[in-house]
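Position 1 is the first residue of the sequence, and the numbers go up from there. Indexing begins at 1, ligand by ligand and atom by atom, following the structure's order.
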Amino acid sequence: MVIVTGGTGYIGSHTCVELIGNGYEVVILDNLSNSEESVLDSIEEITGTRPQFFNVDIDNATQLAAVFEKIGSQAKSVIHFAAKKAVGESVKEPLAYYRNNLDSLMNILVEMERFQIPNLVFSSSCTVYGQPEVCPVTEATPRKEAESPYGNTKSMCEDIIRDTARAQSLKAISLRYFNPIGAHESAKIGELPVGIPNNLVPYVTQTAAGIRKELTIFGDDYDTEDGTCIRDFIHVVDLGKAHLQALRKLETETIRSSYDIFNIGTGKGSSVLELVNTFKQATGIAINFKVGPRRDGDITAVFADTTKANTVLNWKAELGLEEGLRSSWNWEQNYRSKKA
Ligand code: NAD
Ligand code: WQD
């Protein structure tokens with residue numbers, strides 16, 4: 001059995017589909033603070049299996065302990081997705097972010113030790129690299145001081161896991177995701193941004209759907225080929241598969257403790273303008289856009305060197321930008337039609 005915290009969320013739900021499809025028994029722990037319970041129906045429709053679900057605030061040690069009393073002794077592994085993730089909000093409410101993201105991880109680690117659960121996969125982020133001196137970034141590229149409290153929680157969580165694995169029986173992997181996009185091919189699960197999206201792809205699909213009037217491209221005067229920022233857009237289905245590979249690696253390791261970090265991206269940088277053009281190729285829809293000023297805190301370019309994940313995890317991104325954007329658009333349409 002694998003416990004998936006944040007399993008009704010965007011990346012968690014796609015990972016649950018991969019896990020169930022590969023024979024894992026999945027138990028989801030989520031407080032639905034940024035997801036909907038109906039995601040369980042969608043996972044069941046896709047896989048034919050409904051995961052067991054506990055509505056629990058992982059930040060609350062007593063509540064979490066009660067859930068682990070029920071399932072902890074059967075679990076072999078934990079994948080810890082649950083976290084608050086809005087960068088801008090974290091600047092305004094740093095304590096809410098430090099409390100939720102750090103306490104949740106520490107509560108999970110305490111329960112893992114109590115029930116002798118040996119394997120942990122943790123959701124980290126390319127945000128820990130800040131603006132790197134050289135791209136692509138490898139796992140050995142130094143982390144930079146975080147631009148936001150959110151980013152800082154990811155660096156701090158990585159360190160908490162590293163130190164815990166040194167001190168007790170724990171095998172752990174941090175996966176540093178680059179920019180996740182896309183949705184399952186069924187269009188039954190996908191990203192559910194609350195309010196006006198901050199991230200590029202949901203803003204693009206909502207503009208295509210007529211919910212937003214136009215996209216603002218934040219700056220075209222960066223030192224890149226077309227002047228817009230460059231990111232590594234990784235399909236969420238590929239991301240889900242990376243978790244499966246990380247889990248397989250941990251579960252077959254015979255050592256008592258270990259800690260490792262992997263970049264999970266495509267290895268290819270794409271510019272914001274390139275993404276807007278690719279959306280047209282993929283869907284036939286031209287996005288209304290204007291160019292506005294730079295957004296505070298944005299970095300010029302970051303993309304991954306994925307050699308380590310390719311070789312050690314035997315994982316490689318298979319889906320490209322066009323597939324990611326087409327699936328995001330299908331999801332946007334399907335979600336809106338169900339809500340209408
Ligand atoms: P998401 O918000 O869709 O999923 C996170 C889930 O965690 C949600 O379902 C939410 O309800 C739940 N949650 C949050 N706090 C909780 C708590 N205290 N108790 C129980 N459940 C709680 O986010 P996502 O995009 O799927 O991200 C998953 C993980 O990946 C997060 O840790 C995030 O920081 C990390 N990450 C995301 C991105 C991205 O761009 N989406 C990039 C890098 C890393
Ligand atoms: C991508 C590019 C924007 C919106 C964030 C977090 C990071 C990680 C992934 C969690 C940038 C441009 C965007 C818009 C635009 N999350 N853009 N108009 O900032 O690379 O990363 O998500 O760990 O921590 O910071 O992603 O999608 O917001 O932006 O021009 O309306 O699109 O300037 O260059 P970002 P994003």
Side-chain angles (χ1 to χ4, degrees), residues 4-15 28-37 39 54-60 63-64 67 79-88 90 96-97 99-101 103-105 107-108 122-130 146-148 150-151 153-154 157 174-181 189-194 196-204 206-207 212 214-220 222 224 228-234 236 239-240 243 264-265 270-273 275-276 287 289-302:
V4 181
T5 77
T8 44
Y10 173 44
I11 305 169
S13 56
H14 288 83
T15 302
I28 294 177
L29 275 49
D30 202 298
N31 66 355
L32 304 177
S33 56
N34 198 37
S35 56
E36 297 177 358
E37 198 165 351
V39 169
F54 291 91
N55 185 338
V56 54
D57 184 357
I58 297 160
D59 185 20
N60 180 322
Q63 265 189 35
L64 188 69
V67 171
I79 306 183
H80 184 48
F81 290 104
K84 284 160 110 37
K85 65 161 183 179
V87 175
S90 81
Y97 272 70
R99 187 183 297 282
N100 191 65
N101 293 2
D103 278 359
S104 294
L105 172 68
N107 290 342
I108 286 290
F122 173 69
S123 302
S124 190
S125 168
C126 67
T127 194
V128 302
Y129 294 117
E147 293 278 348
S148 69
Y150 164 76
T153 69
K154 291 296 168 194
C157 283
S174 289
L175 298 179
R176 290 179 178 160
Y177 317 150
F178 282 65
N179 287 54
I181 63 161
I189 50 175
E191 191 170 6
L192 273 179
V194 181
I196 302 172
N198 294 310
N199 294 119
L200 178 61
V201 170
Y203 208 104
V204 165
Q206 290 195 10
T207 306
R212 311 279 153 215
E214 65 183 352
L215 169 77
T216 303
I217 292 184
F218 299 137
D220 67 351
Y222 284 95
T224 63
T228 67
C229 294
I230 290 175
R231 298 289 183 272
D232 185 337
F233 297 100
I234 172 79
V236 69
L239 202 46
H243 292 77
I264 303 296
S270 304
S271 77
V272 173
L273 205 52
L275 184 143
V276 169
I287 296 295
F289 74 87
K290 65 171 186 213
V291 175
R294 292 181 177 196
R295 182 172 71 176
D296 269 357
D298 269 342
I299 54 171
T300 305
V302 64

Minimal heavy-atom distance between R212 and P197, with the atoms involved, is NE-CD, 3.7 Å

Please list the nearest protein heavy atom to atom 34 (O) of ligand 1 with its residue and the distance rounded to 0.1 Å. Y150 OH, 2.6 Å

Taking atom 33 (O) of ligand 2 as the reference point, the nearest protein heavy atom with its distance: D298 OD2, 2.5 Å

Tell me, please: is S124 in heavy-atom contact with ligand 1, that is, under 4.0 Å? yes

Atom 21 (O) of ligand 2 sits nearest the protein heavy atom N179 ND2, 3.7 Å

What protein heavy atom sits nearest atom 10 (C) of ligand 2, and how far away is it? Y150 OH, 2.9 Å

Do you know which two heavy atoms are closest between G7 and D30, and how far apart they sit? N-OD2, 3.6 Å

Is there at least one pair of N or O atoms, one from L29 and one from ligand 1, spaced under 3.5 Å apart? no

Smallest separation among heavy atoms of N101 and K84, with atom names: OD1-N, 2.9 Å

Member of T224, V291, I217 meeting the side-chain contact (heavy atoms from CB on, under 4.5 Å) criterion with V272: I217

Nearest-0.5 Å distance that lies between atom CG in D220 and atom SG in C229: 10.0 Å

State whether the shortest distance between N or O atoms of K85 and N or O atoms of ligand 2 falls below 3.5 angstrom. no

Is the closest N or O pair between R231 and ligand 2 shorter than 3.5 Å? yes

Atom 30 (O) of ligand 2 sits nearest the protein heavy atom F218 N, 2.9 Å

Going from CG on L105 to OG1 on T5, what distance comes out if it is rounded to the nearest 0.5 angstrom? 9.0 Å

Ring-plane angle category for Y97 and Y150, please: parallel below 30°, perpendicular beyond 60°, tilted otherwise. perpendicular

Taking atom CD1 of I28 and atom OG1 of T8, what is their separation to the nearest 0.5 Å? 6.0 Å

To which of V87, I11, V204 does the heavy atom nearest atom 6 (C) of ligand 2 belong? V87

Top protein contact for atom 11 (O) of ligand 1, by heavy-atom distance: D30 OD1, 2.6 Å

Between S104 and ligand 1, find which residue part has any heavy-atom pair under 4.0 Å and reply side chain, backbone, both or neither. side chain

For F81, is at least one N or O under 3.5 Å away from an N or O on ligand 1? yes

Protein heavy atom at shortest distance from atom 40 (O) of ligand 1: P180 CD, 3.3 Å

Which of the numbered atoms in ligand 1 are below 4.0 angstrom from a heavy atom of G6? 6 (C), 7 (O)

Does a side-chain heavy-atom distance below 4.5 Å link T15 with V4? no

Quick one: does P180's side chain get under 4.5 Å of Y10's, heavy atoms only? yes

Can you check whether G265's main-chain N or O pairs, donor with acceptor, with D232's side chain at less than 3.5 Å? no

Which option out of T216, L273, L200, V291 puts a heavy atom nearest to atom 18 (N) of ligand 2? T216

Suppose we measure from atom 37 (C) of ligand 1 to each protein heavy atom; which comes out shortest, and what is that distance? I11 CD1, 3.7 Å

Could you tell me the residue and atom name of the protein heavy atom closest to atom 28 (O) of ligand 2, and the distance to it rounded to 0.1 Å? R295 NH2, 2.9 Å

Got the closest protein heavy atom to atom 12 (C) of ligand 2, with its distance? V272 CG2, 3.9 Å

The closest protein heavy-atom partner of atom 8 (C) of ligand 2 is S125 OG, 4.0 Å

When distances are taken from atom 25 (O) of ligand 1, the protein heavy atom at minimum range is K85 NZ, 2.8 Å

Can you measure from OG1 (T153) to CZ (R99) and round to the nearest 0.5 angstrom? 14.0 Å

Show your working on ring pair (Phe, Tyr, Trp, His ring centres under 6.0 Å) between H243 and Y177 and close with a plain yes or no. CA-CA 11 Å; H243 292 77; Y177 317 150; 5.3 Å; yes

N199: numbered ligand 2 atoms lying under 4.0 Å from its heavy atoms: 5 (C), 22 (O), 26 (O), 27 (O), 28 (O), 36 (P)

Do you know the tightest heavy-atom contact between G9 and S13? O-OG, 2.7 Å

State the atoms of ligand 2, each with its element, that fall below the 4.0 Å cut-off from a heavy-atom position in I217. 30 (O)

Please confirm whether the backbone N or O of F218 pairs with a side-chain atom of T216, one donor and one acceptor, at under 3.5 Å? no

As an exercise, state the distance from CG of D103 to CG of D59, rounded to the nearest 0.5 Å. 5.0 Å

Tell me the protein heavy atom at minimum distance from atom 2 (O) of ligand 1, and give that distance in Å. N34 ND2, 2.6 Å

As an exercise, identify every atom of ligand 2 less than 4.0 angstrom from a heavy atom of L215. 14 (C), 18 (N), 31 (O)

Do side-chain atoms of T228 reach the backbone of L273 as a donor and acceptor pair under 3.5 angstrom? yes

Would you mind listing which atoms of ligand 2 come within a distance below 4.0 Å of any non-hydrogen atom of C229? 34 (O)

Measure the distance from atom 4 (C) of ligand 2 to every protein heavy atom, then report the residue, atom name and distance (to 0.1 Å) of the closest one. N198 O, 3.4 Å

Compare every heavy atom of N179 with every heavy atom of C126, then report the nearest pair and how far apart it is. SG-OD1, 4.2 Å

Contact partition for K154 relative to ligand 1, non-hydrogen atoms under 4.0 Å: side chain

Heavy-atom nearest neighbour of atom 3 (O) of ligand 1 within options Y177, F178, Y97, Y10: Y10

For D57, atoms of ligand 1 separated by under 4.0 Å from a heavy atom: 17 (C), 18 (N), 19 (N)

Rounded to the nearest 0.5 Å, how far does CD of E214 lie from CD1 of I287? 11.5 Å

Nearest protein heavy atom with distance in Å, relative to atom 15 (N) of ligand 1: N100 ND2, 3.2 Å

Which ligand 1 atoms does S123 reach within 4.0 Å, using its non-hydrogen atoms? 29 (C), 30 (O), 32 (O), 35 (C)

Sub-4.0 Å atoms of ligand 1 with respect to non-hydrogen atoms of S33: 10 (C), 11 (O), 13 (N), 14 (C), 15 (N)

Test your reading of the structure: does K84 have an N or O sitting under 3.5 Å from an N or O of ligand 1? no

Which ligand 1 atoms are under 4.0 Å away from a heavy-atom of S125? 43 (C), 44 (C)

Heavy atom of R176 under 4.0 Å from ligand 1? no

Taking the six-membered ring of Y222 as reference, does the cationic atom of R294 (NZ for Lys, CZ for Arg) lie under 6.0 Å from its centre and within 45° of its axis? yes

Starting from atom 5 (C) of ligand 1, locate the nearest protein heavy atom and write down its residue, its atom name and how far away it is, to 0.1 Å. A83 O, 4.0 Å

So, does V56 sit close enough to ligand 1 that a heavy atom of it is under 4.0 Å from the ligand? yes

Closest non-hydrogen atom pair between N31 and S33, with its separation: OD1-OG, 2.8 Å

